[in-house]
Amino acid sequence: MADTLLAIDGNSLVFRAYWALPTTMQDKEGRPTNAMYGFFTMLFRVVEEYHPTYIAVAFDRSEKTFRHKKYEEYKAGRRKTPDELLAQIPMLQDALGRVGVSWVDQAGYEADDIIGALSVQAEGRNMPSYIFTADRDQLQLIDDHISVVLTKKGVTETKLMTKDVLLEEMGLAPAQIPDLKALMGDASDNIPGIAGIGEKTALKLLHEYPTIETLYENLDRLPKNKLYEKLVGGKDSAFMSKDLATIETDMPLEKKLDDFRFTGFEGDGLRSVSEQYRFTSFLKRFDLGSEKIKTVKTETISPQELTILDDACEFAFLVKDGVRLAVDGETEYVIPLKQTLLDEGYDLNDVLRALKPFLADKKVIAHDVKSLMHEWGALFHDFYDTMLGAWVLSPSYPKYDLASVMKRAELEENAAGLFELSERQRDEIERMELENVMYEIEEPLLRVLYAMEEEGFRVSGEELARLGEKYDKEISGLTAKIFELAGQEFNISSTKQLAEVLFEKLRLPVVKKTKTGYSTDIEVLEKLEGKHPVIPYIVEYRALTKLKGTYIDGLTGMIRNGVIHTTFLQTATATGRLSSAEPNLQNIPVKSAMANDIRSAFVAPDGYRIVSADYSQIELRILAAIADDKHLKDAFMKGQDIHARTAAEVLGKDIGAVTPAERASAKAVNFGIVYGISDFGLARNLGITRKQAADYIARYFEEFSGVRKYMDEIIAQAHEDGFVRTLCGRIRYIPELSSGNYNIRSFGERAALNTPIQGSAADIIKIAMNRVEKALEKQGYESKLVLQVHDELILYAKDDEAGAVTELLRDCMENAMELDVPLRVNVAQGRTWAEAK
DNA sequence: CTGATCACG
DNA sequence: ACGTACGTGATCAGA
């Protein structure tokens, strides 16, 4: 194979890796390892791609370099390098040596000087070299045999820069890079350039005059404008900057090219480095995995025998048939499910006592940890949940139960399979930069949700029973009236029978059809109102039976000891929201009189009251912030009524002159914007013509141009990446975007638009929940979170804590994330949920 | 078990 | 020229 040099800018890549990854990645001693991990990830990738036979990782030295002597403020503007990063450099150098990669530094010189000298040596031998760096300065070293591999975002992507690419993208030759820096400067290196000249102007000038020398020779030819004055005033600075930005390739390098021969990574070194720093994914990458989790046989073990395994076992796995403990290379011990043990006559306390060392002290790897907490008690101190991992990595699957996840991963449902799954997921979470979402948001939230589910919401069965009787009477009255007016008896709840009566017997006009027949939904019934006296009764009947069936009868059956325990599904939505099931407490009616009746059955325990805190317009605030829209931001900064302001902007009138009807239309438009508006949808919603809706939307975008720009950009980016991210980095893949079907593709675009908004709101309230829980605990309060309804938190507040809890909620929620617009929260309280509005 | 409908944000 | 708002879960009817 032809010889190839890979010259790596160690400092620049370590910096990049450090800022791209969280410092929560630590070795067994608790020392951060994120920069090392990121560096190795990048190194492996680039080695795989370019097959170097020589590798040199160059580092800066802390001594002053000749550049400091020339220009004392050189690099002075940089923020201080964090100690957590500095500490990783010697660790990395040690690790590089152990895996068979040579590194180099030299007093008085920086990494780029060393790289320059080495690549010129290689050029002398006609040996191609690749310079791997995050620093665009080094583009000046490009030559026929020298290319630069630049890191793109994060630590996962790179871009190969050659003469041709540089010419095409910037219209520059490599030697012009110092001239570019001379004019535009470089904030990261504190190279001043010329004040007021940025990349655009600098490039324009260099396209005319290839160097600053020729530029200044011909300065008199330039028009005598502002730019001219800047150039005249900045001349000294420009030449100084060029000097600083120029990499010397003739430094007296102490080492020689042949000192950097690379013959592949050394297996033993890799293994020891990976184990020391807990880089488990590297073991797998190089197939160095220890065999301890690859079990071949399974034995059942009783709780009494467990103690003999305690020392030998590092992980506990919880899978569907019980607790599995993989101890050595061969055997996996199974403790059967709790129920089986109880059936066999074991005392629950004995079982728990025996299991406690495994659940409380080992790392527990399990699928659906929250349900296991309900089964075994919350004695999980250190867990990894593969259900959560699967969802965070790709949240659009319909199911995340163990069987579905294992099937997709093509793994077996045993301890070895679960271990392998968890390793792959951790690796992928790092690769996709989902550490924050997984480890800082979802994992802590799991415990918060567990506590909320455990606590439940007190509901008065008596109150629900009274309401049931009351509404039964109303429903019977309506039923009789409907039969009388329709002239026959039928099942009003059957859409099929109702359609028959309305559209065949009574010959009412058909408004809309479904796949299977006539539609009778509320929209249709509203259109038919006035065409037959039975219609209003049917509308009323629908509303009452729906609410009674779902929320009175349905909820009554879910009360246990006066309390309803919902289950929060943490892995159900594609956007990052929670959902609630069995029963769903996130869709309890709120709007009507009957809704008020139902909510009044949700009560606080004695000595407590209900406190409810909801974010005001959180989605539009997020839109204002991410779209960086002038008017939208201004409205929120001024605390204005956002719908009135929208109407005012679009209609070109004063905000005080907006009528209620105009405000209502603007409200519908704001909803539409968040959902991915279309004139058709808006027209239908407002009952106006499509043309009128289109005009309204066009005027909206004229005024809110930041929003339009955001929409174009997020859709373009989603098409390019195949996914979108929320403010916290949560990912949703949108495969629909590449569909050839217009409808499917359009759906994808609306999802691409909406997900960063809805999902960021979910991020924010989740962060707030974690903070609320922590703050309540820290203060020693007995108040408790009981519900989350997307933009709203509901708590039991102890009577004497209510005031403090109100402030605590406001603080945690409004400061959960810093945006360019303020987050606002409204808090209310009462004896019942109905009163806390 | 699926479709239609409708409750919530 | 396509046919449309985003995200959920529960209930009922009728296969």
Side-chain angles (χ1 to χ4, degrees), chain A residues 395-396 398 490-499 512-525 538-539 541-555 557-558 566-569 571-592 594-595 598-599 614-620 623 668-686 690 693 697 724 732 734 739-759 761-762 765 787-793:
Chain A
S396 308
F490 63 100
N491 183 347
I492 310 164
S493 295
S494 160
T495 49
K496 196 166 166 234
Q497 292 181 39
L498 177 63
K512 192 164 65 169
K513 295 201 127 198
T514 66
K515 269 191 265 184
T516 50
Y518 305 114
S519 170
T520 65
D521 69 14
I522 185 66
E523 215 177 295
V524 171
L525 294 177
I538 291 171
V539 171
Y541 174 92
R542 271 268 174 84
L544 286 183
T545 51
K546 174 85 177 186
L547 267 58
K548 170 150 195 306
T550 309
Y551 301 103
I552 295 182
D553 301 341
L555 287 178
M558 306 292 293
T566 184
T567 301
F568 289 103
L569 307 183
T571 62
T573 72
T575 54
R577 273 191 179 179
L578 297 174
S579 78
S580 156
E582 292 181 83
N584 181 355
L585 293 186
Q586 288 181 322
N587 72 345
I588 301 300
V590 69
K591 286 160 192 158
S592 59
M594 190 173 175
I598 293 167
R599 288 197 171 208
D614 68 295
Y615 280 111
S616 160
Q617 303 294 350
I618 188 168
E619 294 196 342
L620 285 173
L623 176 63
V669 170
N670 279 330
F671 270 99
I673 292 295
V674 168
Y675 296 154
I677 201 159
S678 71
D679 51 11
F680 183 91
L682 182 65
R684 195 182 50 179
N685 217 280
L686 284 178
R690 199 167 157 168
I697 293 167
V724 289
R732 174 180 179 177
I734 308 185
S739 167
N741 179 317
Y742 175 87
N743 285 329
I744 296 174
R745 199 168 59 248
S746 300
F747 165 76
E749 292 180 349
R750 293 194 297 273
L753 209 87
N754 174 262
T755 298
I757 301 172
Q758 190 185 116
I765 198 165
L787 269 191
Q788 184 251 47
V789 192
H790 311 307
D791 64 353
E792 173 183 20
L793 297 179

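No experiment lies behind these values; they were computed from the predicted model shown. Basis for what follows: all heavy atoms, side chains included, without hydrogens, waters or symmetry-related copies. Order of the sequence lines fixes the chain letters, A, B, ..., with proteins taken first and strands second; residue numbering starts at 1 for each chain.
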Next on the checklist: What's Gly554(A) touching, base or sugar-phosphate or nothing? Going by heavy atoms closer than 4.0 Å.
Outcome noted: sugar-phosphate
Checklist entry - What base-paired stems does DNA chain C take part in, with at least 3 consecutive Watson-Crick or G-U wobble pairs and both distances under 3.5 Å? => result B:1-9 with C:6-14
Checklist entry - With a non-hydrogen cut-off below 4.0 angstrom, is Arg599(A) in contact with a base, only sugar-phosphate, or nothing? => result nothing
Item to check | dC6(B) phosphate, OP1 or OP2, under 4.0 Å from Thr550(A) side-chain N/O | outcome: no
Checklist outcome for this item: Between CG of Leu620(A) and P of dG9(B) the distance, given in whole Å, is 15 Å
Checklist entry - Hey, are the side chains of Asn587(A) and Tyr551(A) touching, using non-hydrogen atoms and a 4.5 Å cut-off? => result yes
Checklist entry - Where do Gln586(A) and Ser580(A) come nearest, in terms of heavy atoms and distance? => result OE1-N, 3.3 Å
Next on the checklist: Looking at Ser519(A), I'd like to know whether one of its side-chain N or O atoms comes within less than 4.0 Å of OP1 or OP2 on dA4(B).
Outcome noted: no
Checklist entry - Atom CZ of Phe568(A) and atom P of dC8(B): how far apart are they, to the nearest Å? => result 17 Å
Next on the checklist: Measure CG/Asp553(A) against P/dA7(B) and give the value in whole Å, please.
Outcome noted: 16 Å
Checklist entry - Is Ile757(A) touching bases, backbone alone, or none of the nucleic acid, heavy atoms closer than 4.0 Å? => result nothing
Checklist outcome for this item: Correct closest heavy-atom pair for Arg599(A) and Ile588(A) would be NH2-O, 2.9 Å
Item to check | Separation between the P atoms of dT5(B) and dT4(C), rounded to whole Å | outcome: 15 Å
Checklist outcome for this item: Between Thr566(A) and Pro583(A) the two heavy atoms that sit nearest each other are OG1-O, 2.7 Å
Checklist entry - Atom CD of Gln758(A) and atom C1' of dC8(B): how far apart are they, to the nearest Å? => result 12 Å
Checklist outcome for this item: Between Ser493(A) and Arg577(A), the residue closer to the 5' end of DNA chain C by nearest nucleotide is Arg577(A)
Next on the checklist: What's Asn741(A) touching, base or sugar-phosphate or nothing? Going by heavy atoms closer than 4.0 Å.
Outcome noted: nothing
Next on the checklist: Tell me the interatomic distance from Gln617(A), atom CD, to dG9(B), atom P, rounded to whole angstroms.
Outcome noted: 12 Å
Item to check | Side chain proximity check, Tyr615(A) to Glu792(A), heavy atoms < 4.5 angstrom | outcome: no
Checklist entry - Counting any heavy atom closer than 4.0 Å, what does Asn587(A) reach on the DNA or RNA strands: base, sugar-phosphate only, or nothing? => result base
Checklist entry - Contact class for Ser678(A) (heavy atom, under 4.0 Å): base, sugar-phosphate, or nothing? => result base
Next on the checklist: With heavy atoms of chain A within less than 4.0 Å as the criterion, where does contact along DNA chain C begin and end?
Outcome noted: dC2(C) to dG14(C)
Checklist entry - Under 4.0 angstrom, heavy atoms only, what part of the nucleic acid is Val674(A) near: base, sugar-phosphate, or nothing? => result nothing
Checklist entry - Taking atom C1' of dC8(B) as reference, at what distance in whole Å does atom CD of Gln788(A) sit? => result 12 Å
Item to check | Along DNA chain C (nearest heavy atom to each residue), the more 5'-positioned of Leu569(A) and Ile677(A) | outcome: Ile677(A)
Next on the checklist: So Glu582(A), base contact, sugar-phosphate only, or nothing? Heavy-atom distance under 4.0 Å.
Outcome noted: sugar-phosphate
Next on the checklist: Which heavy atom of Val724(A) sits nearest to which heavy atom of Ala752(A), and what is that distance?
Outcome noted: CG1-O, 3.8 Å
Next on the checklist: Considering every strand and a 4.0 Å limit on heavy-atom distances, what is the contact class for Thr755(A): base, sugar-phosphate, or nothing?
Outcome noted: nothing
Item to check | Within 6.0 Å of CZ in Phe490(A), more than 12 heavy atoms from elsewhere | outcome: yes
Next on the checklist: Classify Ala574(A) by what it touches in the nucleic acid, base, sugar-phosphate, or nothing, heavy-atom distance under 4.0 Å.
Outcome noted: sugar-phosphate
Next on the checklist: Could you measure the distance from the CD1 atom of Ile538(A) to the CG atom of Leu525(A)? Nearest 0.5 Å is fine.
Outcome noted: 6.5 Å
Checklist outcome for this item: Shortest non-hydrogen pair, Pro756(A) vs Ala751(A), comes out as CD-O, 4.3 Å
Next on the checklist: Nearest 0.5 angstrom please: Asp614(A) CG to Asp791(A) CG, how far?
Outcome noted: 5.5 Å
Checklist entry - Within the structure shown, what part of the strands sits under 4.0 Å from Leu753(A) by heavy-atom distance: base, sugar-phosphate, or nothing? => result nothing
Checklist outcome for this item: On a heavy-atom basis, the closest approach of Ala693(A) and Ala683(A) is CB-N, 3.7 Å
Next on the checklist: Mind checking if Gln497(A) touches a base, just sugar-phosphate, or nothing, with heavy atoms under 4.0 Å?
Outcome noted: sugar-phosphate
Item to check | Sugar-phosphate, base or nothing in reach of Ala683(A), heavy atoms under 4.0 Å | outcome: nothing
